[in-house]
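Naming convention: chains lettered A, B, ... in sequence-line order (proteins, then strands); numbering from 1 in each chain.
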Amino acid sequence: MSTPKMKPNFIKDIIDDDMKTDKYGGRVHTRFPPEPNGYLHIGHAKSICLNFGLAKEYNGLCNLRFDDTNPETEEMEYVESIKDDVRWLGFDWEDRLYHASDYFEQLYEYAVQLVKKGKAYVCDLSMDQIREYRGTLTEPGKESPYRNRSIEESLDLLERMKAGEFEEGARVLRAKIDMAHPNVLMRDPTLYRIRKKDHYRTGGEWCIYPTYDFTHCLSDSIEGITHSICTLEFENNRPLYDWILDELGVHHPQQIEFARLNLSHTIMSKRRLLELVEEGLVSGWDDPRMPTLSGLRRRGYTPESIRNFCDEIGVAKANSIVDIVMLENSIREELNKTTPRVMAVLRPLKVVIINYPEDKEEELEAVNNPEDPSMGTRKVPFSRVLYIEQDDFREEPPKKFFRLAPGREVRLRYAYFVKCVDVIKDEKTGEILELHCTYDPATRGGDAPDGRKVKSTMHWVSAKEAVEAEVRLYDYLFTKRDASEVEEGKDFKSNLNPNSLATLTSCMLEPSLKDAKPGSRFQFERLGYFCVDTVDSTPDKLVFNRTVTLRDPWEKIRKQIEREK
RNA sequence: UGGGAAGUCGUCCAACGGUAGGACACAUGACUCUGGAUCAUGGAAUCGGGGUUCGAAUCCCUGCUUCCCAGCCA
């Protein structure tokens, strides 16, 4: 299977130029460099598809590298989840699984080299002092009093930092660049800091850890990366990336920045997602409302649909917010073609077919997928007592409501025409308890021999054989299109959608669903795509997640009617 | 008020000096045993102002708006 070519974008333009000029000997080598401090989300998927996709398109390679230089936040659990998610998305790093922490020794040697070259020094200023000395965006900084200490002294101090002789925060290693540089990142940035914390991989071996800026460029260099693709906020770091590599005279990949993905009605900040998890506002990183890959997976999204989405949204340098309906479109598109149809009633309304014999029961043939005849047919039982959707009946139908109403005839899919003859209500509350209908035996299978038409076809489930299940309906996690746009004095959680989850407990499914396996997907006709929850579903008590609704013109009409009232 | 970057249909992305195009969304119609799917049709954009050019989204000047940077986070 050949993957279609990535749409044109500015990164491909750059690579094309590099190929023409033979900048890297015709090589393309990228990497996906997550920090294992959280779960991957759909924004990472964009980066993964880009990096692995580019490598594939140019017959190159893409590494998976954990950017693990901060022992405070990183954990093995995250490493495992990230590997799972990348694999699930459909990408393969083969034998190229790397860790920045693998390079600690080498990185330290580079640091020593820089000191020896007079391009780095150990600074005894406190964190606050360093901040003061840095100056501001508009004013230059001033040089640290330790800036010009001898190379020998810095070397000695660095050695002793490494040996654990100093407290956290007592000293750092800094690059010696230019305290008056208009880019504040170039004002003698920190290269190493002391952290007396065990690292999830190197344990207690190190008590000094290299910073991102020092680590990232050199890791890229060590791995022979050609195009180091990152997000826009690192544009300011590029001069430093280049400076370090140039001073050390090592292989020099090209850093290219693109705009990270923002999706409407959700957030992409790992810090904030973690906050939702920790405060129990969602059930976990894999809550089906989360934009995480594990959340989307549990929700019923497929890897292919996410890859298609990433292709569709393109790559550019302009900050933007992609409407989440594009994501929904991508999953509908796939599931429409691949998913078996099935009948399920979410909010049951009992219907008695009064002229259908008490003990009679028959099986009717239903098509599994009209998009794919090879998926065949199945039998669904029909009997005197059925359930239909509460929404499919209106005692006083508004205009354009074509479904069941008193005196009106509709088709029960694959079954019969039925006509509503009576509405049974609770005498006290007025609540509709059940409907009495008659059926026309001549319409078996769903067609009337006399050619008469109905305006609506409805799904239904035979009461006797029905399988009861729980169904979870999801809506957007945040109410605002730009979920990060918060009112003065409030935080992002004030934008949470209080109705993002609705749990329905007495849903009635057709019996063919009885043995549905966790993770399997179905279209509940007229309702949407659903998948069996992989965490909470059991054979005795099935739990379904709604992945996405079907397009629903009636919903639009309904809202319009409501507005006109 | 320093430095870096970005502004194209409602949204996202193309067009690389030569007819502004695609996807999603929207609207209308056809078809339909899912108000699904499918098909057809339509509306819809170059941040403003100058300039160069036969010709500018693209090149130049200028203004405006938005985003990023003052972690020993990444």
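Ion pairing of A:Lys419 with A:Glu409 is absent here, as no side-chain N (NZ or NE/NH1/NH2) approaches a carboxylate O to less than 4.0 Å. Ion pairing of A:Asp440 with A:Arg452 is present here, as a side-chain N (NZ or NE/NH1/NH2) and a carboxylate O approach within less than 4.0 Å. Ion pairing between a basic and an acidic side chain is recognised when a charged N comes within 4.0 Å of a carboxylate O; A:Arg558 and A:Glu562 show such pairing. For A:Glu168 and A:Arg193, the salt-bridge test fails: no basic side-chain N is under 4.0 Å from an acidic carboxylate O. Ion pairing between A:Asp323 and A:Arg481 fails under the 4.0 Å rule for side-chain N and carboxylate O.
Taking atom CZ on A:Phe402 and atom P on B:U34, their separation rounds to 14 Å, with Å as the unit. Between A:Leu125 atom CG and B:C72 atom C1' the separation is 12 Å, expressed in whole Å. In this structure, A:Glu312 atom CD and B:C24 atom C1' are separated by 8 Å, rounded to whole Å. Between the OH atom of A:Tyr133 and the P atom of B:C72 there is a distance of 15 Å, given to the nearest Å.
Contact annotation for A:Glu525: base contact, defined as any heavy-atom pair under 4.0 Å involving a base atom. At a threshold of 4.0 angstrom between heavy atoms, the contacts of A:Ile557 include nucleobase atoms, whether or not backbone atoms are also involved. Contacts of A:Phe309 with the nucleic acid, taken as non-hydrogen atoms under 4.0 Å apart, are absent. Across all strands shown, A:Ile208 has no heavy atoms under 4.0 Å from either base or sugar-phosphate atoms. Within the nucleic acid shown, A:Thr69 comes within 4.0 Å of sugar-phosphate atoms alone, with no base atom in reach, counting heavy atoms only. Within the nucleic acid shown, A:Ser126 comes within 4.0 Å of at least one base atom, counting heavy atoms only. Counting any heavy atom pair closer than 4.0 Å across all strands shown, A:Asp447 reaches a base atom. Among the atoms of the strands shown, base atoms are found under 4.0 Å from some heavy atom of A:Asp13. Residue-level contact check: A:Val454 touches neither bases nor backbone, having no heavy atom under 4.0 Å from any strand.
Residues from residues 163-176 of chain A lying near RNA chain B, meaning a heavy-atom separation below 4.0 Å, are A:Gly169, A:Val172 in numerical order. Annotation: proximity of residues 188-196 of chain A to RNA chain B (heavy atom, distance under 4.0 Å) is found for A:Thr190, A:Arg193, A:Arg195, numbered in ascending order. The stretch residues 362-371 of chain A touches RNA chain B through A:Pro370, A:Glu371, each having a heavy atom within less than 4.0 Å of the strand.
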Inset, instruction - Kindly indicate, with the supporting measurements, whether the criterion salt bridge (Lys or Arg N to Asp or Glu O under 4.0 Å) is fulfilled by A:Asp188 and A:Lys176. - result: CA-CA 5 Å; A:Asp188 289 11; A:Lys176 193 190 282 189; over 6 Å; no
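With C1' as the reference atom, B:G21 and B:U58 are 15 Å apart, rounded to whole Å. One P atom belongs to B:C39, the other to B:C24, and the distance between them is 10 Å to the nearest Å. Comparing the P positions of B:C68 and B:G10 gives a spacing of 25 Å, expressed to the nearest Å. Between B:G48 and B:U11, the two P atoms lie 15 Å apart (nearest whole Å). Nucleotides B:U66 and B:G71, compared at atom C1', are 25 Å apart to the nearest Å. Nucleotides B:A15 and B:A56, compared at atom C1', are 13 Å apart to the nearest Å.
Here A:Glu235 pairs with A:Lys317 under the salt bridge (Lys or Arg N to Asp or Glu O under 4.0 Å) rule; sequence neighbours left out. Partners of A:His459 according to the ring-ring contact (aromatic ring centres under 6.0 Å, His included) rule, which considers only residues two or more places apart in sequence or in another chain, do not exist here. For A:Asp392, the salt bridge (Lys or Arg N to Asp or Glu O under 4.0 Å) partners are A:Arg403, A:Arg526, not counting sequence neighbours.
Checking A:Gly446 against A:Glu333, the closest nucleotide of RNA chain B that is more toward the 5' end is the one next to A:Glu333.
No side-chain donor-acceptor contact under 3.5 Å links A:Glu139 to the backbone of A:Gly135. Judged by distance alone, with hydrogens and angles left aside, the side-chain atoms of A:Arg378 form a donor-acceptor pair with the main-chain N or O of A:Val367 at under 3.5 Å. Side-chain atoms of A:Ser462 never come within 3.5 Å of backbone atoms of A:Phe382 as a donor-acceptor pair (strictly under, hydrogens ignored). Judged by distance alone, the side chain of A:His44 and the main-chain N or O of A:His41 form a donor-acceptor pair under 3.5 Å. No donor-acceptor pair closer than 3.5 Å links the side chain of A:Lys270 to the backbone N or O of A:Asn37. Not a single donor-acceptor pair under 3.5 Å links the side chain of A:Glu525 to the backbone N or O of A:Met343. Between the side chain of A:Arg149 and the main chain of A:Val122, a donor-acceptor pair closer than 3.5 Å is present.
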Mind listing the N/O atom pairs, protein and nucleotides 39-42 of chain B, below 3.5 Å?
none

Please list, for nucleotides 8-11 of chain B, all pairs of protein and nucleotide N/O atoms separated by less than 3.5 Å.
unit_1, atom_1, unit_2, atom_2, d
B:U11, O3', A:Ile321, O, 3.4
B:U11, O2', A:Ile321, O, 3.3

Scan nucleotides 67-70 of chain B against the protein and return all N/O pairs shorter than 3.5 Å with their distances rounded to 0.1 Å.
unit_1, atom_1, unit_2, atom_2, d
B:C67, O2', A:Asn319, ND2, 3.1
B:C68, O2', A:Asn236, ND2, 3.3
B:C68, O2, A:Asn236, ND2, 3.3
B:C69, O4', A:Asn236, ND2, 3.1
B:A70, O3', A:Arg134, NH2, 3.2
B:A70, O2', A:Arg134, NE, 2.9

Polar atom pairs between nucleotides 25-27 of chain B and protein, under 3.5 Å, N or O only, would you list them?
unit_1, atom_1, unit_2, atom_2, d
B:A25, OP1, A:Arg551, NE, 3.2
B:A25, OP1, A:Arg551, NH2, 3.0
B:C26, OP1, A:Lys556, NZ, 2.3

Polar pairs (N or O, both sides) under 3.5 Å between protein and nucleotides 19-21 of chain B?
none

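Between A:His199 and A:Glu74, the shortest heavy-atom distance links the atoms NE2-OE1, 3.8 Å. A:Pro145 and A:Tyr133 get closest at one heavy-atom pair: CD-CE2, 3.7 Å. Closest approach of A:Thr292 and A:Leu273 over heavy atoms only: CG2-CD1, 4.4 Å. The minimum heavy-atom distance linking A:Ala344 with A:Glu389 is given by the pair O-OE1, 3.7 Å. Closest heavy-atom contact between A:Asn236 and A:Asn183: O-ND2, 2.9 Å.
A:Trp554 qualifies as a stacking partner of the B:G35 base, centre to centre under 5.5 Å and near-parallel within 30°.
Each of A:Tyr212, A:Phe258, A:Tyr241 was evaluated against A:Phe234; a single residue qualifies, A:Tyr212, per the ring pair (Phe, Tyr, Trp, His ring centres under 6.0 Å) test.
Between the side chains of A:Asp482 and A:Ser484, at least one donor-acceptor pair of N or O atoms lies under 3.5 Å.
Helical stems of RNA chain B (runs of at least 3 Watson-Crick or G-U pairs, donor-acceptor distances under 3.5 Å) are listed by first residue: B:2-7 with B:64-69, B:10-13 with B:21-24, B:26-30 with B:38-42, B:47-51 with B:59-63.
More than 12 heavy atoms of other residues, nucleotides or ligands shown are found within 6.0 angstrom of CZ on A:Arg272.
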